[in-house]
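Working notes for the structure below.
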Amino acid sequence: MLSLLDTKILKKLSLEPKLTTSALANSLSTSQPVIWRRIKRLESIGIIKGKRLLLNQELLGFGVKVFLGIKLATKGVISLEDFERAASAIPEVQSIEHVLGLYDYRLRVVSRDIADFERVLRRRIMTLPGVGQVEANVLLSEEVLQGPI
Amino acid sequence: MLKKRKNMLDDLDKRILRYLQNDPESSVAKLAEEAATTPSVVSRRLASLQESGYVLGYELVLDWSALGFEVQVSLRVTLDKTEPSAFNDFLREARKIKEVLEIQTFLGMVDVRLSVVARDMEHYQQVYRDFILVLPHISDIEALMHISTIKMDRRLPI
């Protein structure tokens with residue numbers, strides 16, 4: 001489905017997302033319109049979802065990132081929906097993944113410091129509908145790799 | 001006079017960062033319009049925000065299932081901490097595995113988490129057996145299979 005050129009574009013862009021179409025065209029010895037069309041196509045078939053701004057969270061005062069593993073106490077379609085809706089509305093919750101295994105959900109929570117995290121955990125997370133066992137792991141470091149492109 | 005950025009952002013910096021978070025591909029002209037200032041001011045502020053380390057850069061967001069990687073697994077690893085170099089050895093080798101998208105280290109029940117993608121279950125089994133299980137100093141490993149993403153919003157409430 002992907003041409004060799006598509007793969008090369010993805011590789012270059014994943015290393016340097018702000019590369020211009022003309023720089024890409026130069027380094028891949030093709031023309032700018034070709035690159036532009038390829039990128040538009042990769043976007044339209046959903047492979048490229050966009051770009052994300054990377055900010056220094058510590059400098060901006062969000063020093064504590066915690067991943068929560070949550071097990072629901074009661075299961076069933078209704079409780080899943082209730083839980084998901086309520087959890088999505090919490091601004092400190094940056095991501096919610098439904099998983100299969102030891103936990104039902106995996107949440108990424110950002111907070112200013114440990115005291116702030118405790119507030120979020122007690123007032124927002126522990127009061128979510130259907131919430132059962134909660135495991136917290138404080139994120140120390142993270143790195144994103146290029147992946148199998 | 002030494003030009004040093006104070007460790008505080010003013011309202012304009014915050015506005016620019018907010019708009020840029022919402023639309024990372026926004027042009028300087030559009031940012032200026034949104035933040036009610038001029039393009040040259042926005043350019044200067046952006047350069048300064050980058051220089052002082054607030055803006056780290058950009059990341060390309062890919063949909064791995066659209067690329068044909070249907071299986072996404074979160075591997076939670078506990079390391080043998082009696083070995084002083086356990087973390088470094090493990091991380092160094094894990095970085096070499098093509099199918100690993102993300103490596104996170106934690107304080108808590110889990111030491112390291114690897115986010116792994118594979119084309120299908122058969123491919124996953126192969127990656128798991130041939131590359132993951134041979135990583136050094138693993139004392140326990142546990143898998144969470146990704147079913148769906150309910151929310152993915154990494155913007156900060158600046």
Side-chain angles (χ1 to χ4, degrees), chain A residues 1-2 10 13-18 42 45-57 59-62 65-67 69 83-85 87-88 90-103 105-108 110 135-149, chain B residues 7 9 17 20-22 24-25 49 52-69 72-74 76 91 94-95 97-110 113 115 117-119 142-158:
Chain A
M1 191 174 74
L2 288 190
L10 286 177
L13 278 181
S14 70
L15 291 174
E16 247 180 288
K18 286 299 246 186
L42 288 168
I45 58 178
I47 287 179
I48 295 182
K49 289 209 281 192
K51 282 167 202 155
R52 182 184 292 147
L53 180 68
L54 294 176
L55 295 173
N56 187 323
Q57 308 203 345
L59 272 186
L60 286 161
F62 296 91
K65 282 160 276 179
V66 180
F67 278 88
F83 175 86
E84 288 173 6
R85 197 176 318 113
S88 298
I90 305 175
E92 288 89 354
V93 172
Q94 289 191 312
S95 74
I96 305 170
E97 289 167 86
H98 191 185
V99 291
L100 198 66
L102 199 59
Y103 294 99
Y105 289 97
R106 188 164 174 271
L107 270 60
R108 180 189 177 105
V110 66
E135 181 201 297
N137 287 294
V138 178
L139 186 74
L140 296 179
S141 75
E142 70 181 322
E143 53 186 298
V144 177
L145 306 172
Q146 197 180 19
I149 312 172
Chain B
N7 217 14
L9 299 178
L17 287 180
L20 204 54
Q21 272 197 123
N22 291 338
E25 312 216 43
L49 285 166
S52 50
Y54 283 94
V55 173
L56 300 173
Y58 296 85
E59 187 176 72
L60 189 69
V61 185
L62 296 174
D63 182 338
W64 288 94
S65 67
L67 273 162
F69 293 85
Q72 242 192 82
V73 178
S74 182
R76 298 151 46 97
L91 295 177
R95 281 186 198 109
I97 304 173
K98 232 175 49 216
E99 287 76 12
V100 172
L101 293 186
E102 230 177 12
I103 305 177
Q104 296 167 327
T105 62
F106 290 101
L107 189 70
M109 306 253 294
V110 177
R113 185 189 148 264
S115 173
V117 289
R119 300 200 167 272
E142 186 180 278
L144 293 178
M145 176 88 60
H146 177 94
I147 300 175
S148 62
T149 303
I150 314 295
K151 179 178 182 180
M152 187 51 78
D153 182 1
R154 300 282 291 273
R155 288 174 299 173
L156 294 173
I158 300 168

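Note on naming: letters A, B, ... go to the chains in the order of the sequence lines (proteins, then strands), and numbering restarts at 1 for each one.
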For A/Glu142, is there an ion pair with A/Arg108 - N to carboxylate O distance below 4.0 angstrom?
yes
I'd like to know which of [options] tops the heavy-atom pair count under 4.5 Å against chain B.
{"options": "A/Ile96, A/Leu145, A/Val93, A/Asn56", "answer": "A/Ile96"}
{"options": "A/Leu107, A/Leu102, A/Leu42, A/Leu10", "answer": "A/Leu102"}
{"options": "A/Ile45, A/Ile47, A/Leu60", "answer": "A/Ile47"}
{"options": "A/Glu84, A/Glu16, A/Lys18", "answer": "A/Lys18"}

Side chains of B/Ser74 and B/Arg113, donor plus acceptor under 3.5 Å:
yes
I'd like to verify something: which residue of B/Ile97, B/Thr149, B/Leu101 has the highest number of heavy-atom pairs under 4.5 Å with chain A?
B/Leu101
Please identify, among B/Val110, B/Ile103, B/Val117, the residue contributing the most non-hydrogen atom pairs under 4.5 Å to chain A.
B/Ile103
Is a side-chain donor or acceptor of B/Thr105 paired with a backbone partner of A/Ser141 at a separation under 3.5 angstrom?
yes
Report yes or no: does A/Asn137 contribute a side-chain atom to a donor-acceptor pair with the main-chain N or O of B/Phe106 at less than 3.5 Å?
no
Counting only heavy atoms closer than 4.5 Å, note whether A/Val110 contacts chain B via side chain, backbone, both or neither.
side chain
Sort A/Glu135 into side chain, backbone, both or neither according to what part of it lies under 4.5 angstrom from a heavy atom of chain B.
side chain
In terms of relative ring orientation, are A/Tyr105 and A/His98 parallel, tilted or perpendicular, with 30° and 60° separating the classes?
parallel
Where on [X] is there a heavy atom nearer than 4.5 Å to chain A: the side chain, the backbone, both, or neither?
{"X": "B/Val55", "answer": "both"}
{"X": "B/Arg155", "answer": "backbone"}
{"X": "B/Leu17", "answer": "both"}
{"X": "B/Glu142", "answer": "side chain"}

From CD (A/Gln57) to CG (A/Leu139), nearest 0.5 Å
9.0 Å
Please enumerate all residues that pass ring-ring contact (aromatic ring centres under 6.0 Å, His included) together with B/His146, with sequence neighbours excluded.
none
Could you please spell out the steps behind the salt bridge (charged side-chain N to carboxylate O under 4.0 Å, His left out) verdict for B/Glu59 and B/Arg154?
CA-CA 12 Å; B/Glu59 187 176 72; B/Arg154 300 282 291 273; 5.8 Å; no
